[in-house]
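Here the structure is laid out as structure tokens; the discussion comes afterwards.
Everything quoted here is computed from the prediction, not taken from an experiment. Reminder, nothing fancy here: chain letters follow the sequence lines and each chain counts from 1.
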Amino acid sequence: MDLSQHLNETQVQAVEHTEGPSMVIAGAGSGKTRVLTFRIAYLIHKGISPFNILALTFTNKAAREMKDRIGDLVGETYSRNLWMGTFHSVFARILRIESELLGYPNNFTIYDTDDSKRVIKSMLKERLLDDKVYKPNLVLHRISMAKNNLLSPEAYLNNATIQKEDIQSKKPELGVLYKEYQKRLFRSGAMDFDDLLFNMNILLRDHDDILYKYQDKFRYILVDEYQDTNFSQYLIVKALSARFENICVVGDDAQSIYSFRGANIQNILNFQRDYDNVKVFKLEQNYRSTPQIVEAANSLIRQNVEQIKKDVYTQNPDGEKIKLTSAISDNEEAMNVAYSIFHLKNTKRAHNRDFAILYRTNAQSRAMEDALRKLNIPYVIYGGLSFYQRKEIKDLLAYFRLVVNTDDDDALKRIINYPARGIGATTMDKLNAQAASMDQSLWWLISQPGKLQSILGKATINRINGFVDMIETFQKLVESKDAYEVGRTIATTTGLLREMNNDKSVEGVSRYENLQELLNSMKDFVDSALEEDDISLPSYLQDIPLLTDQDDEEKNKKDSVNLMTIHASKGLEFPYVYVTGLEENLFPSMLSIGSRSELEEERRLFYVALTRAEKEVHLSFAQMRYKWGNLNASEPSRFLSEIDMQYVDNQTATSHIQAREPRNKPTEKSIKTDWKKKNLRPVRSASASKNEGTTTLAPGNTVRHERFGKGKILMIEGYPPNQKATVDFETAGRKQLLLKFARLDVIS
DNA sequence: GGTGTGTAGGTTTTT
DNA sequence: CCTACACACC
């Protein structure tokens, strides 16, 4: 294996240093994945069994890609036996094996955030707590933080500082809610995301033999994106690696962007204190981007105080300067981006998939989508609602969940009356109260004869029995049929598919298609399985809640422009990157400008955004942005003035960036009329100005297009050079044309 | 017990 | 702007 053929000197050293603790500080685009890949291949090459290697990544996608590449290097027979995946998925796998020690069933359900929120809501209702004080999101966040810091409900309640805090913030019941929440999940045989880490810790802490077993198993441990690990993850890694200390962590403190979910940047900053004789490798040569991008990113990140010193450089050839543009409104910003992509596709012969549009919040995707649709540019959105979070999908999955784990109360509540079976709110209230008083799951209560007579009427009991019978039939099916067959049977016999099919609205059709797509994916799961794979429904269901949009193969395959938040772009790279919405209170977010550390995290986020790009970065901001249907004035982001301007081609009036003084802010009304006026203003056509120099185009003009024929201009939008005309052609119909490309001759 | 309508409130970022 | 939930009616 000739490493030097594929790697630079530092990279080779990092790969070959296999024994003892090491840390690789990898600047953006410095070939971090390459090092990890070769390191694992190298270990296997040296004779280490893949069963003894644990590699923890940040996303499933990263794991899958790395596994594929390792497979190319050492053969698939080896790579498939690696323990490689996200923290959550690897530990879920271990917990399923060891679940009995913790009192959970091995087919425990994994609750996603949506499920957790439902549990919180129903608790608040039963306890008559005001959900405006105890906002479900806040309660959940609080519980999550506790778990990430390994605070059990008891410890939470006994901690004087925390109790004082909760009382001061007028939420004294938080600890009780935490305890109750945990009890409910346990009774339901369910773990939320944080439980997967929390329980893994408990498992290793309380069972020496198990700890020993996994320490012995995972003799070589690699952790990717170490800067984004939280305390809980940190402890697990520490425990597992304690015996052999063959641990290699890889990360970049400058790209730590997940503190809001408990990630602790100190984990990477302090790594050298946690182990003796840590070997540190710094990868500083960037292979991804042009010097302009690298230097601009460097100049930005220098503003941060907290960081490991490093000097990222590149030997790549010069590229374009970073382009900075301003737009009147968010919609215009989006149109500019779309036109620019349209233009670059032509001039650089780029593919749709070479482009990424990044933004700070998911809500910003809408304007971008509209703009891309107008120009017929195909796109995919990552993030927001993933496929598995759609209501119709969750409903069908809830049936699966209940069949696999009947104690799953949340699943039962979700579907016992969907489609409608005459088991309504009153009945459910009674059942809930009864089950809670006996500390049993709902299924326990309804599935055994004789337990309901005292609280419910005869007709209702019959309906409930019908439901129980149906679920039990499905359970029998699971024993003999594969996931797809069971899934299809459930979708049809429950009437779910029929219900969707009856709805002929656009949304209804799409819901029906989504269900079909889920069934297709189950078929695919069954068909593509290897001989020894488990193709049962429980097996199919296991990791579903841990999948995200990024794992959608279909999406990845398409040649489409990529839309996502900057967070979601972490670890990815694209030739052309648009970073949009660079405005104060949006990026940096309004909620983060209060403290230095949060502001630094926003800056790191911007750093991540810039360093995704290989060839070109386009930055933009809007002077007005819609928020909840209203236009609001906005100012350029402070981050723009922090980039060294020698790398930037500033196409905005300089006053926008340098002068912080708010200019005369136009009112909403004046902007609207102003905007309208500009739309209607006669404009010069690109061809006209070239050829005749004097002709102007305006709405109402009749024009001729060489392909579409005669037509009438309805509207002209945007600003030069990106003006667009909507033309109603006599034969070709209504078209939208870019004036700088379309050759229009004025007839009258 | 099911269904439709009005309105209040909500946006960081996600495994 | 959109969604989720409360309330009123069938």
Side-chain angles (χ1 to χ4, degrees), chain A residues 56-63 85-92 110-114 116-118 121 124-125 131-132 135-138 140-141 144 147-148 191-197 225 228-230 232-233 256-263 330-331 358-367 370 382-386 388-389 391 417-429 457 459-460 463 507 543-551 564-570 581 585-593 598 601-602 604-606 608-609 625-632:
Chain A
L56 298 167
T57 61
F58 200 70
T59 62
N60 295 298
K61 191 182 170 198
T86 62
F87 276 86
H88 294 268
S89 67
V90 168
F91 298 151
I110 298 172
Y111 277 13
D112 67 18
T113 313
D114 183 57
S116 298
K117 216 180 279 176
R118 287 167 54 98
K121 280 183 188 165
L124 293 174
K125 214 173 219 171
D131 64 359
K132 276 165 199 109
K135 291 187 179 147
N137 276 329
L138 182 137
L140 214 51
H141 183 250
S144 173
K147 286 184 187 172
N148 286 332
M191 297 190 199
D192 65 18
F193 289 141
D194 301 313
D195 285 333
L196 294 173
L197 306 176
E225 309 280 13
D228 281 320
T229 51
N230 63 32
S232 190
Q233 293 167 319
S256 163
I257 54 174
Y258 278 100
S259 73
F260 69 92
R261 94 180 186 207
D330 50 353
N331 290 323
L358 307 182
Y359 34 77
R360 176 68 239 265
T361 66
N362 280 306
Q364 289 165 254
S365 72
R366 182 169 299 273
D370 289 345
Y382 292 92
L385 270 197
S386 98
Y388 295 103
Q389 290 170 329
K391 186 184 172 300
N417 200 32
Y418 183 79
R421 308 189 167 85
I423 305 170
T426 327
T427 306
M428 286 314 291
D429 285 347
T460 315
R463 289 193 282 257
E507 297 83 11
D543 290 337
I544 296 274
L546 299 175
L547 296 179
T548 68
D549 253 20
Q550 305 268 347
D551 301 313
M564 66 190 85
T565 63
I566 301 166
H567 281 90
S569 76
K570 189 167 106 149
N585 297 327
L586 179 63
F587 193 14
S589 153
M590 190 174 7
L591 297 147
S592 67
I593 49 184
E598 283 179 275
E601 175 147 320
E602 295 280 311
R604 291 193 294 269
L605 193 57
F606 189 28
V608 168
R625 182 170 292 277
Y626 276 95
K627 194 180 180 187
W628 296 331
N630 292 323
L631 264 182
N632 294 90

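For A:W628, the listed nucleotide lying nearest its side chain is B:dG10; candidates were B:dG9, B:dG10, B:dT14. Taking the side chain of A:K135 as heavy atoms from C-beta on, and the options B:dG10, B:dT12, B:dT15, the nearest nucleotide is B:dG10. Checked against B:dG1, B:dT15, C:dA4, the side chain of A:F193 finds its nearest nucleotide in B:dT15. Checking C:dA6, C:dA4, B:dT14 against the side-chain heavy atoms of A:K121 singles out C:dA4 as nearest. Nearest to the side-chain atoms of A:E598 among the listed nucleotides B:dT12, B:dT11, C:dA6 stands B:dT12.
Considering only side-chain N and O atoms, A:T113 lies nowhere under 4.0 angstrom from the phosphate OP1 or OP2 of B:dT15. Contact annotation: A:N362 reaches the phosphate of B:dT13 (side-chain N/O to OP1 or OP2, under 4.0 Å). Dashed line: the shortest gap from a side-chain N or O of A:T565 to OP1 or OP2 of B:dT12 is not under 4.0 Å.
A:L605 comes within contact range of no nucleotide atom at all, as no heavy-atom separation falls under 4.0 Å.
Only the C1' atoms considered, C:dC5 is 24 Å distant from B:dT12, to the nearest whole Å.
If you measure from atom CG of A:N137 to atom P of C:dT3, you get 17 Å, rounded to the nearest angstrom.
No aromatic stack links A:F58 and the base of B:dT15, using centre distance under 5.5 Å and interplanar angle under 30°.
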